[in-house]
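Just so it is clear: chains get the letters A, B, ... in the order the sequence lines come, proteins before strands, and each one is counted from 1. Keep in mind the model is a prediction, meaning the values are calculated, not measured.
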Amino acid sequence: MTQREQILAQVGALLNGAGKPGGVPVAVRTRSTALNAENDLPAITYYPAVDRVREVHGRAGEGVPAGYNPNLPVVRALDVDVECVAAGDGASPGDKLVDDLAAWVVAALVPADWSGLALGVAEVQTEFLYEVRERPVVLARVTMRIHYTTRAGDLAART
Amino acid sequence: MTTYLGAEDLDALLEDAGVEVTLGSTTVKALRDERGVDMLDPTTAPIAGTEIVFVIRRGALAGLVEGATLVSEGTTYEVRKVAPVDDGAFVRAACKVSP
């Protein structure tokens with residue numbers, strides 16, 4: 001299993017683990033079915049968004065990109081997006097409702113014990129999206145950046 | 001008074017298929033249209049919402065503007081948007097359910 005998969009599993013475990021406040025829904029990874037605005041909200045969905053190679057340690061041969069050496073350790077930055085969705089009550093667009101969910105995402109992931117799986121975890125940004133139809137719905141997309149290491153040619157190796 | 005081509009047919013349709021809509025002390029017949037919409041375009045799966053629109057004869061309800069309160073079939077709505085339909089004989093009032 002890749003380090004990335006282990007991290008995503010840990011994200012799910014932390015979001016649904018100890019300390020989860022009442023009213024915070026079960027976080028689901030990468031949904032494939034629609035959420036019904038009438039019946040399924042609030043909801044939390046998390047999924048891998050971008051995984052960047054941040055740094056390569058060591059030197060490769062001249063003229064050869066460092067990443068071509070499969071044994072070099074690389075530091076990676078995995079952006080995991082966590083989408084928190086809630087329906088407003090008619091009087092409110094709902095951004096206050098998703099704020100509690102977004103706050104839990106940060107509280108669950110940043111100070112957690114990652115047991116060496118991650119070098120560090122930080123919130124990059126939280127983007128709010130709004131739409132009103134039969135009822136107002138708001139989505140807060142929390143982007144969490146998780147730094148970790150692999151070998152350049154082996155995503156399962158932690159180095 | 002402005003006349004609209006085919007307005008009589010629409011009046012008949014309203015009478016046959018319309019629902020009662022009340023704004024203040026005035027009640028008229030309107031066509032209730034409800035359709036599914038995808039909301040907010042999330043990355044992994046859509047959010048299925050509902051758009052509710054009442055098609056009402058233009059001028060039939062004084063005060064039919066954004067923010068007005070409509071009552072129909074026991075449900076209270078707030079008007080989100082009012083826009084003319086085709087030649088303007090009727091307007092579409094998009095609504096959200098009031099708390």
Side-chain angles (χ1 to χ4, degrees), chain A residues 8 11-12 25 27-50 79-98 101-102 125-144, chain B residues 17-24 29-56 61 63-85 90-99:
Chain A
L8 288 164
V11 167
V28 174
R29 179 174 169 186
T30 320
R31 289 178 200 273
S32 58
T33 56
L35 289 167
N36 187 293
E38 188 72 27
N39 305 315
D40 297 335
L41 303 184
I44 297 178
T45 306
Y46 65 97
Y47 55 91
V50 180
D79 284 356
V80 176
D81 281 352
V82 187
E83 291 180 343
C84 308
V85 190
D89 59 7
S92 157
D95 44 355
K96 289 182 180 176
L97 300 174
V98 294
L101 307 185
Q125 67 170 17
T126 297
E127 177 185 22
F128 290 86
L129 304 173
Y130 302 84
E131 185 166 350
V132 181
R133 296 290 185 158
E134 180 183 14
R135 59 191 69 249
V137 175
V138 63
L139 182 152
R141 181 179 293 128
V142 185
T143 298
M144 302 298 300
Chain B
V19 297
E20 289 191 339
V21 175
T22 301
L23 193 165
K29 285 285 189 77
L31 294 176
R32 187 181 191 279
D33 183 26
E34 184 174 319
R35 65 186 176 93
V37 292
D38 285 348
M39 301 179 69
L40 289 174
D41 194 25
T43 302
T44 60
I47 300 169
T50 305
E51 174 87 308
I52 295 176
V53 172
F54 291 100
V55 178
I56 304 168
L61 285 177
L64 181 63
V65 295
E66 288 77 4
T69 297
L70 296 181
V71 178
S72 181
E73 300 179 297
T75 301
T76 302
Y77 301 90
E78 181 180 350
V79 177
R80 294 192 301 109
K81 179 181 171 184
V82 179
V85 179
F90 288 78
V91 295
R92 293 169 55 88
C95 296
K96 66 175 180 176
V97 175
S98 287

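The shortest non-hydrogen separation linking Thr33(A) to Ala45(B) is O-CB, 3.1 Å. What you find for Gly49(B) and Ala37(A) is that their closest heavy atoms are CA-CB, 4.1 Å. Taking every heavy atom of both residues into account, Arg141(A) and Asp41(B) meet most closely at NH2-O, 4.2 Å. The two atoms that bring Tyr47(A) and Thr43(B) nearest to each other are OH-OG1, 2.8 Å, heavy atoms only.
Legend: residues meeting ring pair (Phe, Tyr, Trp, His ring centres under 6.0 Å) with Tyr77(B), ordered by chain and number and at least two apart, are Phe54(B). With sequence neighbours left out, Glu131(A) forms a side-chain hydrogen bond (donor to acceptor under 3.5 Å, both in side chains) with Arg133(A). With sequence neighbours excluded, the residues satisfying side-chain hydrogen bond (donor to acceptor under 3.5 Å, both in side chains) with Asp79(A) are Arg52(A), Arg145(A).
Of the inter-residue distances, the one linking Leu35(A) atom CG with Asp38(B) atom CG reads 11.0 Å to the nearest 0.5 angstrom. Separation of atoms CG (Asn36(A)) and CE (Met39(B)) is listed at 10.5 Å; rounding is to 0.5 Å. Here the straight-line distance linking atom CD1 of Ile47(B) with atom CG of Leu41(A) works out to 6.0 Å at 0.5 Å rounding. Here the OG1-CZ distance, from Thr44(B) to Arg31(A), works out to 7.0 Å after rounding to the nearest 0.5 Å. Between atom CZ of residue Arg135(A) and atom SG of residue Cys95(B) there is a gap of 13.0 Å, rounded to the nearest 0.5 Å.
Among the residues in residues 64-74 of chain B, none has a non-hydrogen atom closer than 4.5 angstrom to a non-hydrogen atom of chain A.
In this structure the side chain of Val132(A) reaches within 4.5 angstrom of the side chain of Arg80(B), judged on heavy atoms.
Chain B forms the most heavy-atom pairs under 4.5 Å with one residue out of Ala49(A), Ser32(A), Ala34(A), and that residue is Ala34(A).
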